[in-house]
Peer 1: 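Sharing a structure with you now.
Since we're looking at a predicted model, the values are computed, not measured. Labels below follow one simple rule: chain letters A, B, ... track the order of the sequence lines, proteins then strands, and each chain is numbered from 1.
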Amino acid sequence: MDNSDILPKAYEPQTVEDRIYKTWMDSGLFNPDAYPDATEPYCIIMPPPNATGKLHTGHALGYFLQDLMIRYHRMKGYKTLWLPGTDHASIASTNKVEKILAKEGITRHDLGREKFLERVSDYVEQSRSDIGRQGRLLGASCDWSRERYTLEPTMTRAVRTMFVKMYDDGLIYRGTRIVNWCPRCMSTLADDEVEHTDREGAFYYIKYPIKNSDTSITVATTRPETMFGDVAIAVNPNDDRYKQYIGGAIVLPLSNREIPIIADEYVDMTFGTGALKITPAHDPNDFEIGKKYGLGVLRIINDEGNLNFDALRKEGYDVGAIQSFEGMERFAAREAVGLALQQAGFLEKQESHTSTVGLCYRCDTIIEPLTSLQWFIDVNKKVAGRDESLKEMALRAVRSKEIQIIPERFDKQYFQWMENLHDWCISRQIWFGHQIPVSYCLTKDGGCGETIVSIENPLKCPKCNNTNLTHEEDTLDTWFSSGMWTFSTLGWPDNIEYKDGKIIKKGDLATFHPTTVLETMWDIIFFWVARMILMTEYALGEVPFKVVYLHGMVLDKDGRKMSKSREETAIDPLDMIAKYGTDALRLSLLIGVTPGNNVRLSEDKIESYRNFVNKLWNISRYVLTFTANSHDKEGDYTLADLWIISKLNRLIIEVSASIDQYEFSRAAELLRVFTWDVFADWYIEVSKVEGAKRTLLLSILEVLLVLWHPIVPFVTEEIYRLALPSFPDVKPSRPSLLMVRAWPQANPTAINEQVEKDFGLIQQVIQTIRNGRAENHIPAGEEIEVILYTPHRSAFIAPHINTISRLTHAKNVTIQEIGERPSSALFMQVEDIEMFIPLSSMKIEEEKTRLDKEIANIEALIGRTNTQLSNQEFLAKAPENIVQEMNLKIANYQDELVRMEQQRKRLV
RNA sequence: GCACGAUUAGCUCAGCUGGUUAGAGCACCUCGUUUACACCGAGGGGGUCGCAGGUUCGAAUCCUGCAUCGUGCACCA
């Protein structure tokens with residue numbers, strides 16, 4: 001019979017994967033509603049990828065981990081939901097489209113709001129469909145019928161409802177605060193959206209002349225251009241150098257404006273000159289000091305990042321002397337101011353200096369701290385009726401272990417971040433996003449000045465009936481909507497009712513929330529995970545998920561980040577899938593990867609796992625061709641049969657336990673070892689000699705396919721399809737698709753240590769003979785003779801003679817209990833079994849040397865063990881079984897030594 | 001500055017709660033076309049587990065310090 005009738009010689013993922021995925025989709029089995037009898041829910045809400053392009057290897061890793069957990073629990077009979085979606089990612093999407101526009105030579109402002117939003121929507125729609133297609137290529141078994149998008153109408157309603165609720169509870173407020181401003185994005189950023197990095201810059205030592213005096217105080221600053229906004233000079237009250245000037249005034253260089261000299265403990269006497277210029281509009285610390293002393297705020301850098309002195313004019317200051325600086329870009333202004341100070345004799349010196357600057361996490365532009373009227377969430381205010389602030393809720397959820405973070409060490413980072421959390425600025429001056437649900441009834445429009453916060457945009461002012469309302473143009477921080485992701489996707493707020501002050505969940509929300517696991521990369525633990533916990537605790541009074549599993553970053557083979565700007569090092573998961581198949585990519589991202597740790601990915605690695613997938617394929621091919629040709633006459637189980645059954649049951653237990661404990665790499669590793677080393681290289685080879693059993697082979701294969709399926713779903717599903725007609729139809733529960741085949745139950749009574757030990761001995765005998773052959777360069781063609789001397793185990797070895805000889809290419813294996821050992825033979829031993837390979841061309845001298853070496857080795861070992869065993873403390877304190885084992889060991893060593901010495905004598 | 005990781009074979013990494021002579025994959029060397037698989041099989045070489053102390057009968061594993069690399073947070077103008 002031709003093997004190719006059953007399976008092609010090599011696995012060809014390209015011809016299989018699309019078809020298999022379509023079968024899964026058509027079956028409708030990704031949808032938990034297809035399992036009406038399942039009661040226990042298991043739910044993962046997919047972290048929505050940004051709809052800004054295509055999936056990269058980092059996404060792939062997340063998809064694979066989630067799919068593994070989902071498929072495993074689905075097979076275990078849970079009501080399993082994996083809900084997919086995409087994020088509109090306001091800033092990221094805006095930037096992408098702005099880049100495209102830049103190539104056309106226009107900006108978003110040239111296009112105008114309406115047209116620009118159309119462009120973004122088109123772009124995002126394209127992206128979303130690409131992402132969906134790619135998710136299918138990755139094998140994601142998510143319920144596409146429940147797919148969500150953070151900017152779709154139902155999500156908008158949820159977001160606006162949330163905003164109104166928080167506003168009504170007094171948790172959202174509008175105020176002028178110092179914010180992080182990106183002059184390129186033209187928007188605010190949250191504190192954690194600012195990345196800090198060291199930059200080489202200059203330290204300017206500027207003389208600030210004291211009024212009515214010919215002395216001055218020197219101030220060191222890295223940002224001289226902000227001095228137009230200075231409102232004071234601060235020194236430490238204990239600083240003897242400046243004590244006498246406190247309460248006096250400074251005439252601000254260039255501006256000629258007078259500012260006070262104040263004292264505050266905040267000033268570090270040892271840093272710089274010990275004198276600090278206070279610029280409240282452009283530095284968070286200065287803002288606090290300014291507030292403390294009522295110094296006022298003079299904002300002199302506008303939204304574009306250019307100098308602007310309107311604030312000075314408004315306060316009635318004469319800007320004539322500094323007019324030439326107005327309109328200058330902030331960094332050009334820095335140079336210009338430095339030069340002007342030098343020319344006017346105010347610059348004492350200039351030193352090079354490294355300081356930290358904040359960068360926009362989306363476009364790397366240097367952040368300008370500035371004061372601005374924005375919307376904030378108050379994280380420290382007690383929530384009405386809850387006796388906890390948002391911050392306290394979020395801390396408690398993790399402290400109490402209601403949420404378990406894997407790996408645990410990220411707890412600390414979470415606490416540290418959450419404890420330092422300031423009010424969260426949620427308004428963005430980005431056009432693309434959820435519009436803030438606020439309208440203003442402005443007095444200039446004939447209104448009453450009312451601020452209206454409502455889910456639907458109001459047509460008229462509820463207070464004065466004015467219909468000429470202005471709607472807030474700012475949009476919400478993307479993380480506001482993604483913070484609601486676990487419950488907005490499950491139907492909040494429609495799926496809740498309030499009864500007697502309690503929240504009653506309905507529908508999917510009741511079934512699946514709190515969700516089971518959140519799987520994501522550690523880099524968004526603050527952006528996203530923390531905010532989800534905070535917002536969910538607020539909205540539902542429960543945690544969003546019970547477990548947070550954090551994966552690491554996917555790096556290239558040299559450990560570098562696969563950034564888009566370094567295309568040559570970036571591995572495109574889709575290219576790899578096309579070349580090696582999805583399963584190979586899955587294995588290379590799952591094996592050897594531990595939670596929270598980064599993964600290095602290289603094409604070599606993917607290739608080697610492609611080889612494994614092919615091995616699995618060929619094992620199946622062998623089993624299926626063999627069983628197709630064999631008849632069902634099978635005798636009793638042999639030692640090898642009992643051994644593989646024992647190993648298989650052990651495997652089921654260990655793989656299940658590993659997945660339950662989120663040790664996915666270990667699960668895959670156990671399976672790989674069993675499949676390749678245990679099943680293929682030993683059991684199948686032995687069964688070829690001793691006679692294979694059709695049903696046993698098939699049932700091992702079937703269990704293997706099930707266990708492998710969550711990790712490599714495509715190849716296992718395809719093999720299962722081809723094997724289905726061969727499987728003995730004893731289990732009526734066997735479905736037509738592997739993805740819903742029940743996870744196997746181990747039979748603990750089949751695990752037999754004695755059997756494993758016995759078969760292990762046969763393996764060792766075979767390996768030792770093979771080793772002897774190879775080391776002595778006995779060609780494979782040369783059939784050898786093997787004589788075993790075993791006084792006690794001849795009856796045990798005898799049935800395996802044939803196996804031993806076939807697997808060692810021996811023409812003849814004989815067993816002796818007693819008798820004269822041959823001297824012109826290679827000598828080996830396994831436990832108390834002596835093995836001889838008589839050779840006509842025996843090199844006696846070489847064998848002597850080898851034996852001498854081995855004797856020295858074992859003597860050293862005996863010496864070490866003896867030292868240990870004569871240590872009274874060891875005997876007294878070590879557990880008994882350890883001591884016993886060691887006694888046993890030394891006895892064996894000594895026996896081995898004796899046999900070796902005897903053989904050595906024979907060679908003389 | 002504070003915190004958290006990492007440091008094990010040439011390379012990438014396992015090694016759970018301390019207990020034989022420390023493992024895997026890749027790479028390397030030798031041999032091999034035995035009809036499941038050369039995307040393969042058999043065998044092999046290669047590590048004082050970053051350094052220095054300590055706890056312990058016993059440490060890659062626990063503790064302390066140091067070094068190198070990486071990350072997060074906070075930054076003093």
Side-chain angles (χ1 to χ4, degrees), chain A residues 3 6-7 9-11 192 196 203 219-223 226 234 266-268 270-279 283 285-286 353 355-356 407 409-410 412-413 416-417 420 522-523 525-526 553 557 559 580 584 588 591-594 596-602 604-605 607-626 658 661 663 665-666 669 672-673 677 680-681 684-685 688 766-767 770-775 777-781 806-809 857-858 860-861 864-865 868 871-879 881-883 885-886 888-889:
Chain A
N3 293 330
I6 293 178
L7 303 182
K9 194 166 174 176
Y11 175 60
D192 47 303
H196 298 276
F203 224 178
V219 171
T221 179
T222 54
R223 307 193 51 197
T226 62
Y266 169 78
V267 181
D268 181 351
T270 63
F271 190 84
T273 61
L276 177 60
K277 68 197 257 318
I278 303 297
T279 322
D283 183 282
N285 295 313
D286 292 7
H353 175 75
S355 63
T356 314
R409 63 186 146 90
F410 282 93
K412 228 173 184 169
Q413 274 191 35
Q416 188 190 354
W417 184 84
N420 293 324
W522 49 253
D523 67 335
I525 183 167
F526 306 134
M553 196 187 297
K557 67 173 174 5
Y580 300 106
S588 51
I591 293 191
V593 179
T594 40
N597 292 329
N598 295 342
V599 196
R600 291 195 191 190
L601 185 67
S602 62
D604 287 355
K605 198 165 160 185
E607 196 182 329
S608 81
Y609 287 117
R610 185 274 315 267
N611 295 352
F612 173 76
V613 171
N614 190 55
K615 183 75 185 181
L616 180 62
W617 177 263
N618 270 295
I619 288 168
S620 312
R621 186 161 170 258
Y622 168 78
V623 171
L624 295 179
T625 43
F626 173 83
S658 300
Q661 290 157 29
E663 293 176 6
S665 171
R666 189 177 135 77
E669 189 62 31
R672 192 185 60 74
V673 169
D677 303 347
D681 289 345
I684 288 182
E685 293 310 318
K688 280 179 187 170
I766 291 167
Q767 278 171 321
R770 282 171 172 172
N771 183 342
R773 258 194 105 108
E775 289 213 321
H777 304 288
I778 303 168
R806 286 280 295 279
L807 295 188
T808 57
H809 301 283
N857 257 343
I858 205 146
L861 205 53
R864 250 177 295 161
T865 316
Q868 178 96 316
N871 183 336
Q872 289 308 315
E873 278 187 295
F874 171 73
L875 294 174
K877 290 178 184 169
N881 61 319
I882 298 288
V883 179
E885 270 174 42
M886 204 158 284
L888 212 74
K889 213 161 52 182

Peer 1: Considering only NZ, NE, NH1 and NH2 on the basic side and carboxylate oxygens on the acidic side, decide whether A:Glu669 and A:Arg666 come within less than 4.0 Å.
Peer 2: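 Not counted as a salt bridge, because no side-chain N and carboxylate O are separated by less than 4.0 Å.
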Peer 1: Assign each of A:Gln416 and A:Asp283 to its nearest nucleotide of RNA chain B by heavy atoms, then name whichever residue's nucleotide is nearer the 5' end.
Peer 2: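 Nearest nucleotide further toward 5': that of A:Gln416.
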Peer 1: In whole angstrom, what separates A:Gln413's CD from B:rU71's P?
Peer 2: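 So the CD-P distance, A:Gln413 to B:rU71, works out to 13 Å.
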Peer 1: Please determine, for the side chain of A:His809, which listed nucleotide (B:rU34, B:rC39, B:rG5) has the closest atom?
Peer 2: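 Per side-chain heavy atoms of A:His809, the pick is B:rU34.
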Peer 1: Set out, in order, the CA-CA distance, both residues' side-chain angles and the distance that settles side chain to side chain contact (heavy atoms under 4.5 Å, CB included) for A:Glu685 and A:Arg806, then state yes or no.
Peer 2: CA-CA 10 Å; A:Glu685 293 310 318; A:Arg806 286 280 295 279; over 6 Å; no
Peer 1: Tell me what A:Lys889 touches on the nucleic acid: a base, only sugar-phosphate, or nothing, going by heavy atoms under 4.0 Å.
Peer 2: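 Base contact.
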Peer 1: As a test of your reading of the structure, name each stem of RNA chain B as range with range, where a stem is three or more consecutive Watson-Crick or G-U pairs at under 3.5 Å.
Peer 2: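 Correct response: B:1-7 with B:67-73, B:10-13 with B:23-26, B:28-32 with B:40-44, B:50-54 with B:62-66.
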Peer 1: Reckon A:Tyr609 touches a base, only the sugar-phosphate, or nothing at all at heavy-atom distances under 4.0 Å?
Peer 2: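 Nothing, no heavy atom under 4.0 Å.
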Peer 1: Please work out which of the three classes, parallel, tilted or perpendicular, describes the rings of A:Phe271 and A:His353, given edges at 30° and 60°.
Peer 2: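 If you compare the ring of A:His353 with that of A:Phe271, the planes turn out perpendicular.
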Peer 1: Roughly how far, to the nearest 0.5 Å, is the CG atom of A:Asn618 from the CG atom of A:Asn611?
Peer 2: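 Taking CG in A:Asn611 and CG in A:Asn618, the distance rounds to 11.0 Å.
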Peer 1: How close or far is atom C1' of B:rU71 from atom CE of A:Met553, stated in whole angstroms?
Peer 2: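 Rounded to the whole Å, the gap is 9 Å.
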Peer 1: If you take atom types as modelled and just measure distance, does the side chain of A:Arg610 reach the base of B:rC39 with a donor-acceptor pair under 3.5 Å?
Peer 2: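 Side chain to base: pair present.
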Peer 1: Using a heavy-atom cut-off of under 4.0 Å over every strand shown, decide if A:Asp268 touches base, sugar-phosphate, or nothing.
Peer 2: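 It contacts base atoms.
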Peer 1: In whole angstrom, what separates A:Arg864's CZ from B:rU48's C1'?
Peer 2: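 It works out to 13 Å between those atoms.
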Peer 1: Calculate, to the nearest 0.5 Å, the distance between atoms OH and CG belonging to A:Tyr266 and A:Leu276 respectively.
Peer 2: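 It is 6.5 Å, given to the nearest 0.5 Å.
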Peer 1: For B:rC16 and B:rA27, measure between their C1' atoms and round to the nearest Å.
Peer 2: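 It works out to 29 Å between them.
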Peer 1: Rounding to the closest angstrom, what is the interatomic distance between B:rA6 and B:rU64 at atom P?
Peer 2: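 After rounding to an integer number of Å, I get 14 Å for this pair.
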Peer 1: With respect to the side chain of A:Thr222, which nucleotide from B:rU12, B:rC37, B:rA77 is positioned closest?
Peer 2: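 Nearest listed nucleotide: B:rA77.
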Peer 1: Return the value, rounded to whole Å, for the distance between atom CD1 of A:Ile684 and atom C1' of B:rU34.
Peer 2: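 After rounding, the gap between these two atoms is 15 Å.
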Peer 1: Say you draw a straight line from NZ of A:Lys877 to CG of A:Asn871; how long is it, rounded to the nearest 0.5 Å?
Peer 2: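 Going from NZ on A:Lys877 over to CG on A:Asn871, the span is 9.5 Å.
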Peer 1: Base, sugar-phosphate, or nothing for A:Ala680, non-hydrogen atoms under 4.0 angstrom?
Peer 2: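 Base contact - A:Ala680 has a heavy atom under 4.0 Å of at least one base atom.
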Peer 1: Return yes if some donor-acceptor pair links the side-chain N/O of A:Arg773 with the main-chain N/O of A:His809 below 3.5 Å, else return no.
Peer 2: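 Yes: the side chain of A:Arg773 pairs with the backbone of A:His809.
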Peer 1: Could you tell me how far apart A:His196 (NE2) and B:rG1 (P) are, to the nearest whole angstrom?
Peer 2: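 Atom NE2 in A:His196 sits about 18 Å away from atom P in B:rG1.
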Peer 1: Kindly say whether, by distance alone, the side chain of A:Lys9 makes a donor-acceptor pair under 3.5 Å with the base of B:rA38?
Peer 2: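 No, the side chain and the base share no sub-3.5 Å donor-acceptor pair.
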Peer 1: Rounding to the closest angstrom, what is the interatomic distance between B:rC40 and B:rU34 at atom C1'?
Peer 2: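 Comparing C1' positions in B:rC40 and B:rU34 gives a spacing of 12 Å.
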Peer 1: Do A:Met886 and A:Phe874 have side chains that approach each other closer than 4.5 Å (heavy atoms only, starting at C-beta)?
Peer 2: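 When only atoms from C-beta onward are counted, A:Phe874 and A:Met886 do touch, with a gap below 4.5 Å.
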Peer 1: Would you list the protein and nucleotides 40-45 of chain B atom pairs, both N or O, that sit under 3.5 Å from each other?
Peer 2:
from   : atom 1 : to       : atom 2 : distance (Å)
B:rC40 : O3'    : A:Lys615 : NZ     : 3.2
B:rG41 : OP1    : A:Lys615 : NZ     : 3.1
B:rG41 : OP1    : A:Trp676 : NE1    : 2.2
B:rA42 : O3'    : A:Arg770 : NH1    : 3.3
B:rG44 : OP1    : A:Asn771 : ND2    : 3.0

Peer 1: Between B:rA3 and B:rC63, how far is it from one P atom to the other, in whole Å?
Peer 2: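 Nearest-Å result for B:rA3 against B:rC63 at atom P: 16 Å.
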Peer 1: Starting at atom NZ of A:Lys557, determine the distance to atom P of B:rC26, rounded to an integer number of angstrom.
Peer 2: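 Whole-Å distance recorded here is 18 Å.
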Peer 1: Can you measure from CZ (A:Phe410) to CZ (A:Phe526) and round to the nearest 0.5 angstrom?
Peer 2: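 The CZ atom of A:Phe410 sits 8.5 Å away from the CZ atom of A:Phe526.
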Peer 1: Roughly how far, to the nearest 0.5 Å, is CG of A:Asp681 from NZ of A:Lys615?
Peer 2: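 Output value for this atom pair is 5.5 Å.
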Peer 1: Could you write nucleotides 14-19 of chain B as a row of B, S and -, 5' to 3', where a protein heavy atom under 4.0 Å of any base atom gives B, of only sugar-phosphate atoms gives S, and otherwise -?
Peer 2: S----B
Peer 1: What nucleotide, of B:rG72, B:rA36, B:rU30, holds the atom closest to the side chain of A:Arg621?
Peer 2: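 Taking heavy atoms from C-beta onward, the closest nucleotide is B:rA36.
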Peer 1: If you compare every side-chain N and O of A:Arg409 against the phosphate oxygens of B:rG5 (OP1, OP2), does one of them come in below 4.0 Å?
Peer 2: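 No, A:Arg409 has no side-chain N/O under 4.0 Å of OP1/OP2 on B:rG5.
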Peer 1: Over all strands shown, is A:Arg672 touching base, sugar-phosphate only, or nothing at heavy-atom distances under 4.0 angstrom?
Peer 2: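 Sugar-phosphate contact only.
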Peer 1: When you measure from the side-chain N and O atoms of A:Arg773 to the phosphate of B:rC31, is any distance below 4.0 Å, counting only OP1 and OP2?
Peer 2: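 A:Arg773 to B:rC31 OP1/OP2: no side-chain N or O under 4.0 Å.
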Peer 1: Between the main-chain N or O of A:Gln416 and the side-chain N or O of A:Asn420, is there a donor-acceptor pair closer than 3.5 Å?
Peer 2: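 At least one qualifying donor-acceptor pair exists.
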Peer 1: Just the rounded figure in Å: distance from P of B:rC37 to CH2 of A:Trp617.
Peer 2: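 So the two atoms are 14 Å apart, to the nearest Å.
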Peer 1: Base, sugar-phosphate alone, or nothing: which one does A:Thr270 contact when heavy atoms must sit under 4.0 Å apart?
Peer 2: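 A:Thr270: no heavy atom of the nucleic acid under 4.0 Å.
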Peer 1: Do any side-chain nitrogens or oxygens of A:Lys412 fall under 4.0 Å of OP1 or OP2 in B:rA3?
Peer 2: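 It does not, given that no N or O in the side chain of A:Lys412 lies less than 4.0 Å from OP1 or OP2 of B:rA3.
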Peer 1: Looking at A:Asn598 and A:Met553, would you say the former's side chain and the latter's main chain have a donor-acceptor pair under 3.5 Å?
Peer 2: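 Here the side-chain-to-backbone pair exists.
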Peer 1: Tell me whether A:Lys605 contacts the main-chain N or O of A:Lys557 through its side chain, where contact means a donor paired with an acceptor under 3.5 Å.
Peer 2: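 Side chain of A:Lys605 to backbone of A:Lys557, a donor-acceptor pair under 3.5 Å: no, none is there.
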Peer 1: Using whole Å, what does the distance between atom P of nucleotide B:rC26 and atom CG of A:Leu601 come to?
Peer 2: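 One finds 16 Å between P of B:rC26 and CG of A:Leu601, rounded.
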Peer 1: Checking the side chain of A:Arg770 only, and the main-chain atoms of A:Leu807 only, is there a donor and an acceptor separated by less than 3.5 Å?
Peer 2: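 Confirmed, A:Arg770 side chain pairs with A:Leu807 backbone.
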Peer 1: Taking the same atom, C1', in B:rU20 and in B:rG58, what whole-Å distance lies between them?
Peer 2: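 Their C1' atoms lie roughly 13 Å apart.
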Peer 1: Can you tell me, in whole Å, how much space there is between the C1' of B:rU7 and that of B:rU12?
Peer 2: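 B:rU7 and B:rU12 have their C1' atoms separated by 14 Å.
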Peer 1: For B:rA24 versus B:rA14, give the span between their C1' atoms, rounded off to a whole number of Å.
Peer 2: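 Going atom to atom, C1' in each nucleotide, I get 7 Å.
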Peer 1: Quote, to the nearest angstrom, the P distance that separates B:rA38 from B:rC26.
Peer 2: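 That atom pair is separated by 16 Å.
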